[in-house]
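In listed order, ligands and their atoms are each counted from 1. Just so it is clear, the model here is predicted, and its values are computed rather than measured. In this chain, numbering begins with 1 at the start of the sequence shown. Reckoned from all heavy atoms, side chains included, excluding hydrogens, waters and symmetry mates.
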Amino acid sequence: MKKYNFDEVIDRKGTSSYKWDNATYPVGKEMLPMPVADMDFKIADEIIEALNKVTEHGVFGYSLPDEELKSLMQDKLKKDYHWDTELEWQVWIPGIVPGITAACAAFASAERGILTSIPVYHPFHLVAGWLNKPLKTFGMLEVEGRWTYDFEEMEQRLQEGADVFLFCNPHNPGGTVFNQTEIDRIVALCKKYNCKIISDEIHADIRLFPQSDHICIGNNFGNSPNDSISFFATTKAFNTAGLGISVAIIPDPQVRNEFLKHTFGFLPMLSRHAIEMKKACLKFGSTWLSQMLDYVQINHQMLNEFVAESKGLKMVSLEGTYLAWVEFDPSLGDFQQKLFEAGLHVLRGEQFLGKNAVRLNLATTKSNVQKAIQIMQNVLNETN
Ligand SMILES: Cc1ncc(COP(=O)(O)O)c(C=O)c1O
């Protein structure tokens, strides 16, 4: 079995990288970027080979998801997440964010609008403004070392009315992998108040404790009508986010048609590269993925230990994602800005409608995580 070297430093500067070629970085200043969620690791060999094959063929016309891709996806849902699905439930689209926007456009009314938990991945709350629909939010609580929903607040918001609930599992930021009790509660509440569940499961394969199951919420409707929409992609777990491809699983034909109507004319077709890349991830990616998760788990432990020993900082262990959510004491002032000035770019909690927190991307080399910790330590020394 090949052993991948995640310590390898790959220079991403000058590659039009959203992360590394950030135009806001001061000219001449060495910045360590840990904002947007992509990884600094080279992808699995088989995926590179699949992409090379397409490139060598040399013709890049319009492409459609083929039967092999659809069957591979169906098998994955069954094998990895224990969900039996039909092939016709699949709707292939180039990205989850445009899919969420299309779903909200299709199903959120101007009266009841969109519900989500906060802090949350920013498009979940921004979509309300993009579509001019009301946004309703409820908070998350830290219970026994993990973030979970404030279910009472969730029910209050649902009582006030919401057409769609945007669910993120594993949760970004904070990394909660929702358990069966939580999923049952969410489904029961949404059913009670007639609210559709739109579920983003892009981080499903990024579980830092892989023995914990990923539970698909769309597989939890029992015999009652299943009008959920669940999005999946391998783009985060296999570091291929720039080659957009994702799938919506929509069991109900009417919901599927309504969703599709809101994609026509807005979303481009898939690229051949994306299709072949996705097939290679599904067929061959597991060795790379498990080694990558072990590596990121070590980065995560380093940060966790540093935070636990640092006055004024706090984080819960990530169950999933590589996106740490570090809370800081308000006495530290504008911690994000201080880190930026010291050469570390992390995202501000407010971007996710959180407070006194920053989000750090740990999918990078160990040496970068060590550097980030050193910068945080220096800023704390200067501030405390
Ligand atoms: C929860 C979540 N959903 C979706 C995305 C982006 O998905 P896509 O690139 O398919 O639009 C991200 C990227 O970080 C994410 O964290």
Side-chain angles (χ1 to χ4, degrees), residues 16-19 22 33-41 43 65 73 90-105 114 116-127 130 140 147 164-178 197-208 214 216-217 229-249 259 262-263 266-271 273-275 277-278 281 296 318-325 345-349 351-354 358-364:
S16 311
S17 162
Y18 184 28
K19 194 172 173 186
N22 190 319
M34 289 190 163
V36 63
D38 70 18
M39 309 188 201
D40 294 328
F41 309 135
I43 62 176
M73 189 64 217
Q90 298 181 12
V91 178
W92 288 86
I93 50 174
I96 291 187
V97 172
I100 288 173
T101 308
C104 290
I114 298 163
T116 198
S117 61
I118 54 169
V120 77
Y121 177 55
H122 47 291
F124 278 47
H125 62 84
L126 293 176
V127 66
W130 297 339
M140 295 184 75
W147 289 104
V164 296
F165 169 56
L166 301 186
F167 180 48
C168 190
N169 182 29
H171 192 78
N172 169 15
T176 305
V177 174
F178 286 88
I197 296 176
I198 298 177
S199 180
D200 176 344
E201 301 178 31
I202 197 167
H203 295 284
D205 289 334
I206 312 176
R207 297 193 307 284
L208 298 183
H214 173 76
C216 297
I217 201 160
I229 299 181
S230 304
F231 293 100
F232 298 89
T234 31
T235 48
K236 289 285 136 177
F238 293 95
N239 199 26
T240 53
L243 284 173
I245 181 166
S246 57
V247 64
I249 304 295
F259 173 77
H262 287 79
T263 64
F266 283 103
L267 299 186
M269 293 173 85
L270 301 173
S271 72
H273 280 93
I275 291 172
M277 171 280 286
K278 171 89 188 177
C281 292
V296 169
L318 291 172
E319 295 173 331
T321 83
Y322 48 76
L323 305 164
W325 182 248
H345 183 200
V346 297
L347 293 178
R348 211 175 260 289
Q351 178 167 330
F352 307 89
L353 300 187
V358 290
R359 196 195 77 172
L360 272 86
N361 178 346
L362 295 170
T364 188

Out of all atoms in ligand 1, which are within 4.0 Å of some heavy atom of [X]? Include the element for each.
| X | answer |
| --- | --- |
| Gly95 | 10 (O), 11 (O) |
| Ala37 | 14 (O) |
| Asn172 | 15 (C), 16 (O) |
| His203 | 1 (C), 15 (C), 16 (O) |
| Cys168 | 1 (C) |

Distance in Å, [X] [atom1] paired with [Y] [atom2], rounded so as to fall on 0.5 Å steps:
| X | Y | atom1 | atom2 | value |
| --- | --- | --- | --- | --- |
| Phe232 | Ile96 | CZ | CD1 | 8.5 Å |
| Ile202 | Thr235 | CD1 | OG1 | 3.5 Å |
| Leu323 | Leu318 | CG | CG | 7.5 Å |

Return the closest protein heavy atom for [atom] as residue, atom name and distance.
| atom | answer |
| --- | --- |
| atom 14 (O) of ligand 1 | Lys236 NZ, 2.8 Å |
| atom 11 (O) of ligand 1 | Val97 N, 3.0 Å |
| atom 7 (O) of ligand 1 | Ile202 CD1, 3.4 Å |
| atom 10 (O) of ligand 1 | Ile96 N, 2.8 Å |
| atom 3 (N) of ligand 1 | Asp200 OD2, 2.5 Å |
| atom 5 (C) of ligand 1 | Tyr121 OH, 3.2 Å |

Notebook entry, point to check: Do you see a protein non-hydrogen atom under 4.0 Å from atom 16 (O) of ligand 1?
Noted result: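 Yes, there is a protein heavy atom closer to it than 4.0 Å.
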
For the side chain of [X] and the backbone of [Y], is there at least one donor-acceptor N/O pair under 3.5 Å apart?
| X | Y | answer |
| --- | --- | --- |
| His125 | Gln351 | yes |
| Thr176 | Trp147 | yes |
| Asn172 | Tyr121 | no |

Checklist line | From Glu201, His203, Arg207, residue fulfilling side-chain hydrogen bond (donor to acceptor under 3.5 Å, both in side chains) relative to His214 | finding: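 Filter result, single survivor: Glu201.
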
Next item on the list: Answer whether the closest heavy-atom distance between the side chains of Met34 and Leu347 falls below 4.5 Å.
Entry: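 Contact flag for Met34/Leu347 side chains = no.
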
